[in-house]
Amino acid sequence: MKRNFLTILTVFGLVTATAVGCSTDAGGNNAIKIATQSPLSGSSSTLGEAIKLGAQLALEENQEKFKKLGFTLELVPFDDQGDPKVGVSNAQKLAADQSILGVVGHLNSGVAIPASSTYENNSIAMVSPANTAVELTEQGKKSVNRIVARDDFQGPAAFGFATDNLKAKNIFIIQDKSAYGQGLAENFKKVAEQKQAKILAYEGITVGEQDFNGVLNQVVAKKPDLIYFGGLYGEGGLLVKQAREKGLNIPVMGGDGFDSSDMVKIAGKGVKNTFYTSVAADISNTSEGQNFVKKYQAKFGDKKSVQSFSYYGYDSMGVILKGLEDSITKNGNKKPTREQVRDAIRAVQDYQGIATKVGFDAKGDNKYAKVFVFQFEDKYPGKQVGVIEKQ
Amino acid sequence: MQEILSTLPQVLLDGLTLGAIYAVVALGYTMVYGILELINFAHGEIFMAGAFIGTALLFTFVDIGLALNWLTLILVLLLASLLTGVLGVGIERIAYRPLRKAPKLIPLISAVGISFILQDLVRFIAEYKTGNYIVTGQTVFENKIAIPAFSIGGYDVHASAIKSNTLVVIGIAVLIMIVLDIFVNRTKWGIAMRAVAQDRDTAALMGINVNKVIALTFFIGSAIGGATGVLYAQQYATINPFIGFILGLKAFTAAVLGGIGNIRGAMFGGLLIGLLEVFAAANLGILTGGALGAEYKDVFAFIILILVLIFKPAGLFGQAVKEKV
Amino acid sequence: MKKLASLFSSSRTFQSVLILLIVLCTSTSLYLMDKSVTSFLLLLFSFLLLYYTTFSNWIKWGAGALIAFAVIPVAASGGPSQQVYMEVAVMAGIYIAMALGLNIVVGFAGLLDLGFVAFFALGAYVYGIFASPQAQALFHNSSIFPLGGESFWLFIIVGALVAALFGIILGVPVLRVKGDYLAIVTLGFGEIIRIVFNNLDKPINITNGALGISGIPQPKLFGFTFTQASHIYFLVLIVLGFVIYAVRRFEDSKLGRSWKAIREDEIASQAMGIPLVKTKLWAFALGASFSGMMGVLFAAKNQFVDPTSFTLLESITILVMVILGGMGSVPGVILGAAIISILNLQILTEITLFLTQNLHVPEVFSPAKMQRLLFGLVLVGIAIFRPQGLIPAKNKTYKIADLKAKLSKKNTKTKETTTSI
Amino acid sequence: MSMLTATSITKHFGGLTAVKDVSINFEKGSITAVIGPNGAGKTTFFNMITGIYSPDGGEIHLDQKPITGLKPNFIAEKGIARTFQNIRLFKEMSVLENVMVGMHTHLKAGFLGTLFSTPKVRSEEEQARYDAYSLLEYVGLADWVNHQAKNLPYGAQRKLEIARALATHPKVLLLDEPAAGMNPKETTELTDLILQIRDDKQITVILIEHDMKLVMRISEQIYVLDHGQLIAQGLPEEIRNNPNVIEAYLGKSAISV
């Protein structure tokens, strides 16, 4: 019995080992790989996949150009599962592959922060299409950049809009107790407190829950004139839907976590009078935007609807490739080192992306990051109703 | 105080809806535990499977041009409970029956395994079909019934509203409970079930086909779970493959609270947990001045579970059983 | 194959040649190639072979230590993938230690604990809070905090103690319930701990809530900072070595036998004078303390902790390791933990990458997403086909001749004085 | 001199009175049998003495010290050991380990001692091993040392339970139907073993048994329980002819004939 088992185990070990071993090709000296890290599984996989597909589109469009320079471009998609442990482990893995020169990622700040230490140690440039947590760029890492606005910009922007345009005086804040939701809600609350707005309550809900009637009853009791929600579309959509069922027709406002076609699907008709801030302008009506949608769906099929994060992923990749190109030119058309690529990306000053213009400051934040405010009517995306520039 | 009272009718109503769902799911736990002394961890997933099957059926109906009304809903309920019932029997046959004589930990582990398999299978299918495992389905009843604001003894009570679907949920849940209660207490099969639950060996000696009775128990428990899943999908419209696990835990808490193995106890426990949960979510923040909020409501459910298990393990309606020495 | 196996079990020369060959081949290829998961796994496989050899324990442990401390780190340092291997090895080591801790509770004492990861979380948060800038925010005017990387060594012990203390605090009420109920109660406690960590950013900000604690310092010793996975690797090895040593000590001791007796029959063991609650609490406390230690290491390695690392899935993962390997079997649990953690961290992701990149298989089919399905299948399969696990637990065997010989010698010596037995 | 005394102990289960006002005095070094028909309350009586149930009324003294209502493990420590009606061995553990568990009340190994494997702990363990082995030899199970307890034949399992109980160094040994399921040869061996235990170790033996041949052969005193009440006591001869006892066992008609 014991020996039998030993044999089975040996065979099993050998088979998996060889199967795995095959995947490790060296790739030639002129191969340059760019990785993406985003959740491809788990509850926010719609957003994670949008990042990946956007990045993929940008990379494939540029393959020709880099071939002329003598390099083959390749995308290496990683699934961070929205889990810091997996994110860090993946970061180690992509650091080990010397042909990987940059990474687009992550979706979750909770994953991005620990993974960014690994990138920094290995001089891999990271451009984030989504992370808004303030801390990410506060430690002065050379490799860490983002094209989106920070929470301490998005929060006040949202507050400004809420008080100026929606005339909100009594605000009820709800957050989903995730790193993203908490970051957003806290920054909103901070400004609101400074500006001496009336915060009626600061409540939390649980990600994955379906019944928010409890907390909504409290909203009914407190009679606010705005609900601010820090969280993603999954819970946000249900919250809006159930609020409307309770006859709460006050405006609900959220961050870019609402910026998904699923928001409308989940919330249904109740999505009207829902507002969200986003760093991407509404380009669906511009010719560039329509062009992008056409390209995107031609490539990935009609089933994959274009999300804002598709643009963000596309632009993040664009910035990386811009930096890569610069560093190749600088290096006399030879393959640049990771450090050269990293510095070249940080040096990007006015890259015109499809959704935003990008230029990094000393910390790696996007100088041109703007916050746009949208209102849902009955379809995704919502109508753009405001733009807030950095002060 | 005013704030709490003003929303109380709505809180009670929401709590009752959630509680009715917990209660019906708890029935499945209590029946299986009563008969096998096994926590069927997979029961929450059977509930979830029911929600997905129901949603899929409704989509199919819409595709073939059937109108959505109470008749289609009943058809969906019946079909979904039949399918989940079969699923339950299949699970029992594959994962529990071979282990009936094994040490107690082993079937529990198998149950956790089945629950994981179901979660991932449903996720895979949903994702493969729709590209996303969060699915928003069709709802049959959309309209609302408004209850106007009124005031009692100087306290203003806010206007509240009931979805007509809520009434359907509560109505069907109550119906299921009554029918089950009659079935278990009045029919031949019900008596056989209780006999097997009391003493499997003696029941076998009395000519009862124990395997058949256990399979029947699983069928009924799972069918009820599946039907509840359909109702749940109707109530909340959006479902995902992971709704079963935590809901299952809370339903189990309800079953324990009422005294596990006790059908009426499970109903009572379910309603109580549902009410407490919604009340906690609505009022914890108000009561503690914002120090603790709605986010602690699950902690509440678990603390109740732990307290009951520690201080009254037989539950509110159960009888203590002592090990024979 | 059968012949090979029988040759293996009969000839020591064959054993040593085979192992030497494998270690030599794999370590050189690991050293020379850029990235070779195959050779890394085969190198680890040599541990299992070593376990099945017929050499004396001293030789086995010695050879094992040599491979772990010298061969693996040197071989891995050859290529650019060094940190990948070391990262995997570090995580595997952490999981092995936790699985060994859970094995005390589930395997030895027979108490099914579904919330074990809570203790891991405690260890991680204790170090995270006090060693990082979070402590400054918490104790406004204190100049002592943050404690920094030098305090890591102290916190390994503090983490173990705090986890053990919580094990006892939770254990006192929890142990009044038995069997299935205990499983549910521990599950509840695991969730409570996670929810509380997730929410303790108000009224006082202790854990920073869902944002987690970042900027946790890496271990420091005499001015040297353990920055890389390859540095942490040695720390993990030392702690793991201690854990294995301790588990083996307890397994064949008064306490270990008491655990097993309680697992087999609570009433009989009580009638034999074994205090139930105290013995169970020891199991809880010891199991928890290993987990707490590893939590500290985990926090120091990642420099970041947040509640998402401590979900129910994590608890179940550790349980799967114990059950796959064999409840109550120390070598089994080590094997189970190694298989699952390497499967999770390396094999599944590698296969996924391979499938999506080279074969262009759609994301939906990627094996990395199927983790739950795989765990489920493992659990059900093991429960039905091999409930005793891959390497079933064995009782210690004694040489009857030895017992007899020594007994008769002793009896002649003390014939007059011994009346009682 | 009395070793163990039960003074009017009573136990109810719901409406049922399992043991009612029973007082028995067990002399030091005696062998006493407690008999009675099924459901007479014998095992409940044992369970109260060993602390598994605490009596609803009455007192129990061991060696003049009160032990009423103590936890089973304290009572074991104080010197009462027992076997069980439906054998309760540690099934997955080896025979030797089963006996070693019985010795635990006398082992002093602490947490740190075990962790660092101090010479003291090591020699204590070694000693326990030899003692356990010699006990196995004593009851005739020396060849089974490394077997799992569950693999032993039925009679050997009963003997192992006795060896395990002896390992606690008891003053009083309670045997709950030790001969149940044994063949006549095994029963004779058991009879000799019980007598030997009393003679060698001066242990007070109390047994519940249905095998009257065995009871009559070895008991010095017999107590008869019926419906939870003590209905007779005395020497084997007296009990054999006691009309109350015959009635309890065979019903009223048996006497009138």
Side-chain angles (χ1 to χ4, degrees), chain B residues 33 37-39 41-42 94-96 98-99 102-121 123-124 127-129 131 241-242 245-246 249 252-253 256 260 288-293 295-299 301-307 309-311 313 323 325, chain C residues 106 110-112 114 170 173-193 195-196 198-199 202-204 209-210 263 266-268 271 312-313 316 319-320 323 327 362-365 369-385 387:
Chain B
Y33 196 92
E37 294 203 1
L38 163 76
I39 299 176
F41 256 108
I94 293 168
Y96 300 153
L99 303 174
K104 262 198 145 178
L105 281 188
I106 303 294
L108 196 64
I109 284 158
S110 179
V112 173
I114 288 286
S115 134
F116 270 45
I117 292 175
L118 282 177
Q119 281 177 17
D120 225 26
L121 274 182
R123 178 200 58 78
F124 174 76
E127 216 167 297
Y128 184 68
K129 286 267 176 207
F242 308 107
F245 201 81
I246 285 288
L249 271 182
F252 180 77
T253 307
V256 171
I260 197 146
T288 58
L292 302 177
E295 62 269 21
Y296 279 96
K297 77 178 162 55
D298 283 359
V299 172
F302 286 123
I303 287 177
I304 292 173
L305 172 72
I306 290 166
L307 290 181
L309 283 178
I310 290 169
F311 293 107
E323 193 179 356
V325 183
Chain C
V106 179
L111 309 163
L112 186 52
L114 293 181
L170 299 190
V174 161
L175 290 174
R176 291 173 51 140
V177 298
K178 277 186 210 163
D180 299 350
Y181 282 11
L182 180 72
I184 294 287
V185 171
T186 48
L187 191 158
F189 263 128
E191 284 295 285
I192 289 177
I193 294 255
I195 295 173
V196 167
N198 200 30
N199 292 331
K202 66 172 192 174
I204 310 165
R263 175 188 71 194
E266 289 200 355
I267 289 175
L312 180 65
L313 185 64
I316 304 264
L319 185 69
V320 172
I323 289 161
M327 279 188 275
E363 281 304 328
V364 195
F365 293 103
K369 283 186 172 188
M370 309 272 183
Q371 198 192 27
R372 275 169 194 255
L373 186 70
L374 285 171
F375 280 5
L377 290 174
V378 167
L379 282 173
V380 177
I382 285 275
I384 292 175
F385 299 112

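What you see below is based on every heavy atom in this structure, not just the backbone, and it leaves out hydrogens, waters and symmetry mates. First the proteins, then the strands, lettered A, B, ... as listed; each starts at 1.
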For this session: Determine the sole option in I316(C), L379(C), L373(C), V378(C) for which the side-chain contact (heavy atoms from CB on, under 4.5 Å) test with F116(B) is passed.
Result: I316(C)
Exercise. Among I109(B), L99(B), I106(B), which one satisfies side-chain contact (heavy atoms from CB on, under 4.5 Å) with P387(C)?
Worked result: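 The residue from I109(B), L99(B), I106(B) that satisfies side-chain contact (heavy atoms from CB on, under 4.5 Å) with P387(C) turns out to be I106(B).
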Problem set entry | L249(B), part contacting chain C, at a heavy-atom distance under 4.5 Å |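 Looking at L249(B), just its side chain touches chain C.
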Problem set entry | L108(B) portion near chain C, given a 4.5 angstrom heavy-atom threshold | side chain
Part of [X] within contact of chain B (heavy atom distance under 4.5 Å):
{"X": "L312(C)", "result": "side chain"}
{"X": "I323(C)", "result": "side chain"}
{"X": "A183(C)", "result": "side chain"}

For this session: Determine the minimum heavy-atom distance between E295(B) and I195(C), stating which atoms define it.
Result: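 Minimum heavy-atom separation between E295(B) and I195(C): O-CG2, 3.8 Å.
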For this session: For V380(C) and A95(B), work out which heavy atoms get closest and say how close.
Result: CG1-CB, 4.4 Å
Problem set entry | Non-hydrogen side-chain atoms of L187(C) and F41(B) separated by less than 4.5 Å |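 A side-chain contact exists here, since the closest heavy-atom pair is under 4.5 Å.
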For this session: For residues V299(B) and N199(C), determine if any side-chain heavy atom of one lies less than 4.5 Å from a side-chain heavy atom of the other.
Result: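 No, their side chains stay 4.5 Å or more apart.
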Seminar exercise, completed: Most contact-rich option vs chain C, by heavy-atom pairs under 4.5 angstrom, among I246(B), I117(B), D298(B), is I117(B)
Problem set entry | CZ-CD1 distance between F302(B) and I184(C), expressed to the nearest 0.5 angstrom |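 Rounded to the nearest 0.5 Å, the CZ-CD1 separation comes out at 9.0 Å.
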